Enquirer: 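Take a look at the following structure, please.
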Amino acid sequence: MLDLAGHWLTPEDRQLLRQPEVGGLILFARNTESPAQVRELVHSIRALRPDMLIAIDQEGGRVQRLRREVLRLPALGRIARCGDAAPALAEAAGWLMATEMLACGIDISFAPVLDLDYLRSQVIGDRSLGGDPQQVTTLGRAYIQGLHGAGMAATGKHFPGHGWAEADSHFALPVDERSEEEIRNSDLRPFAALAGELDGIMPAHVVYPAVDSLPAGFSGRWLQDILRGELGFDGVIFSDDLTMAGAHAAGDMTQRVDAALASGCDMLLVCNDRAAAEQALVHAQQVGMRPSERPARMLARRVVGVDYKADPRWARSVELLRRADLL
């Protein structure tokens with residue numbers, strides 16, 4: 001899964017999209033001017049590759065790539081502080097976000113965040129649904145129901161939990177020194193409870209030395225033995241961005257690709273560095289990488305037209321969030 005430079009496809013972008021090893025695109029703020037422009041961009045992508053999985057990070061709060069002419073949704077942490085009303089609000093927020101993104105032609109937003117908030121990690125912070133595993137599970141399930149109700153697949157992140165490690169894996173390699181038992185009794189619980197409801201999972205670029213010396217996204221112990229084996233997860237495993245500092249523990253870009261594939265990732269993200277993306281692509285071609293069939297399950301399950309605000313559920317969901325002072 002690669003990214004684009006701007007609002008429209010360049011000849012270089014088109015050449016990359018024609019490569020069968022490229023199975024997805026992720027849109028960033030630099031790619032999103034308005035819903036109409038995103039729809040046109042997606043249309044041009046689909047004209048080349050109808051099967052392309054198109055993603056975005058549209059969690060709400062500070063992580064919302066498309067901001068013009070769409071709802072400014074709240075961070076999940078604000079929803080978590082709404083007491084008994086929180087599950088209904090989480091479901092409404094998930095449905096609204098998914099509906100708006102599907103109307104733009106986007107297949108998935110990488111959500112929900114299932115990390116626990118220990119008030120330690122600034123990169124997680126109010127993106128989290130709280131510090132209690134049961135609360136995160138309950139609200140995560142409600143949010144997933146909202147996504148599924150709109151026709152969007154759900155991706156939980158960052159397995160098995162990024163909330164304890166303080167470093168930001170975009171810029172450093174975080175380490176979570178706790179015992180395996182501590183992690184299983186806390187951070188892992190929402191992922192374990194929701195493994196059968198999630199369509200995708202994104203592992204953290206975090207090292208858990210009590211379990212493996214490799215970051216979770218490169219760890220067969222985490223991804224194969226625990227996630228696939230123990231938790232029975234059969235959805236898509238997305239690597240987090242292989243250009244992030246936290247991924248450098250696996251070596252250079254070709255070694256990161258090899259390590260992510262060996263650990264069991266179905267789709268590898270290489271973003272914000274076109275030279276690295278091209279290097280990863282060439283290496284994937286050289287080693288004869290065969291694209292996984294799982295990501296096709298993540299394609300949009302419902303066509304949403306530009307008249308989506310006429311749906312009675314839209315007005316009800318917006319009013320629900322407004323009454324809670326979340327919009």
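Not measured: the values here are computed from a predicted model.
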Enquirer: Please name the residue in the list L27, L299, I108 that meets the side chain to side chain contact (heavy atoms under 4.5 Å, CB included) test with I54.
Expert: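 Among L27, L299, I108, the one that satisfies the side chain to side chain contact (heavy atoms under 4.5 Å, CB included) with I54 is L27.
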Enquirer: Report the residues that fulfil side-chain hydrogen bond (donor to acceptor under 3.5 Å, both in side chains) with D241, sequence neighbours left out, ordered by chain and then residue number.
Expert: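 Partners of D241 by the side-chain hydrogen bond (donor to acceptor under 3.5 Å, both in side chains) criterion, ordered by chain and then number, come out as T243.
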Enquirer: Does the T99 side chain pair with the main chain of A150, one donor and one acceptor, at a distance under 3.5 Å?
Expert: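 Answer holds: no.
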Enquirer: Is there a side-chain contact between S186 and L116 in this structure, where contact means two heavy atoms from C-beta onward sitting under 4.5 Å apart?
Expert: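 S186 vs L116: side chains touch.
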Enquirer: Within the distance-only criterion (no hydrogens, no angle test), does the side chain of R256 pair as donor or acceptor with the backbone N or O of G251 below 3.5 angstrom?
Expert: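 Yes.
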Enquirer: Report the distance from atom CD1 of I106 to atom CD1 of I56, rounding to the nearest 0.5 Å.
Expert: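 The distance works out to 4.0 Å.
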Enquirer: May I ask you to decide whether E91 forms a salt bridge with R313, counting only side-chain N to carboxylate O separations under 4.0 Å?
Expert: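 R313 and E91: salt-bridged.
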Enquirer: Would you say the side-chain atoms of R274 pair up with the backbone N or O of D3, donor to acceptor, closer than 3.5 Å?
Expert: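 Flag set: sc R274 to bb D3 pair under 3.5 Å.
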Enquirer: Is a side-chain donor or acceptor of R228 paired with a backbone partner of F233 at a separation under 3.5 angstrom?
Expert: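 Indeed, once roles are kept as given, a pair shorter than 3.5 Å links the two residues.
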Enquirer: Are S44 and E40 linked by a side-chain donor-acceptor pair shorter than 3.5 Å?
Expert: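 No - no donor-acceptor pair under 3.5 Å links their side chains.
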Enquirer: Going by side chain to side chain donor-acceptor pair (under 3.5 Å), name the pairs with one or both residues in residues 316-327, residues two or more places apart or in two chains.
Expert: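 Checked against side chain to side chain donor-acceptor pair (under 3.5 Å) - neighbours excluded - no pair reaches residues 316-327.
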Enquirer: Taking the side chain from D187 and the backbone from I183, do they hold a donor-acceptor pair closer than 3.5 Å?
Expert: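 Looks like no, no N/O pair under 3.5 Å.
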Enquirer: Would you check if F110 and I26 make a side-chain contact, meaning some heavy-atom pair closer than 4.5 Å?
Expert: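 Heavy-atom side-chain distance check passes, below 4.5 Å.
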Enquirer: How long is the gap from CD1 on I124 to NZ on K157, to the nearest 0.5 Å?
Expert: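 I124 CD1 to K157 NZ: 8.5 Å, rounded to 0.5 Å.
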Enquirer: Spell out, as yes or no, whether a donor-acceptor pair under 3.5 Å connects the side chain of E182 to the backbone of R178.
Expert: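 No.
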Enquirer: Hey, what's the ring geometry for W222 with Y208, parallel, tilted or perpendicular (30° and 60° as the breaks)?
Expert: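 The rings of W222 and Y208 stand perpendicular, inter-plane angle above 60°.
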Enquirer: Would you say the side-chain atoms of Q19 pair up with the backbone N or O of Q15, donor to acceptor, closer than 3.5 Å?
Expert: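 Between the backbone of Q15 and the side chain of Q19 there is a qualifying donor-acceptor contact (under 3.5 Å).
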Enquirer: Tell me whether the count of non-hydrogen atoms from other residues, nucleotides or ligands lying under 6.0 Å of CZ in R62 goes above 12.
Expert: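 More than 12 within 6.0 Å, yes.
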Enquirer: S128 and D117: side-chain donor and acceptor closer than 3.5 Å?
Expert: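 S128 vs D117: no donor-acceptor pair found between side chains.
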Enquirer: Only distances under 3.5 Å count here; give the side-chain donor-acceptor pairs of residues 191-204 to other protein atoms, sequence neighbours excluded, each with its distance to 0.1 Å.
Expert:
from : atom 1 : to   : atom 2 : distance (Å)
E197 : OE1    : R141 : NE     : 3.1
E197 : OE2    : R141 : NE     : 3.0
E197 : OE2    : R141 : NH2    : 3.0
D199 : OD1    : R301 : NH2    : 2.9
D199 : OD2    : H148 : NE2    : 2.7
D199 : OD2    : A154 : N      : 2.7

Enquirer: Spell out, as yes or no, whether a donor-acceptor pair under 3.5 Å connects the side chain of R46 to the backbone of M52.
Expert: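 Between the backbone of M52 and the side chain of R46 there is a qualifying donor-acceptor contact (under 3.5 Å).
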Enquirer: Taking C-beta and beyond as the side chain, do L66 and M101 meet within less than 4.5 Å on heavy atoms?
Expert: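 In contact.
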Enquirer: Closest heavy-atom contact between L102 and A300?
Expert: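 Looking at all heavy atoms of both residues, the closest pair is CD2-CB, 3.6 Å.
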Enquirer: For residues L4 and L48: do they belong to one hydrophobic cluster (side chain heavy atoms under 4.5 Å, members Ile, Leu, Val, Met, Phe, Trp, Tyr)?
Expert: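 Same cluster.
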Enquirer: Kindly indicate whether the side chain of D13, heavy atoms from C-beta on, has any atom under 4.5 Å from the side chain of W8.
Expert: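 No - every pair of side-chain heavy atoms lies 4.5 Å or more apart.
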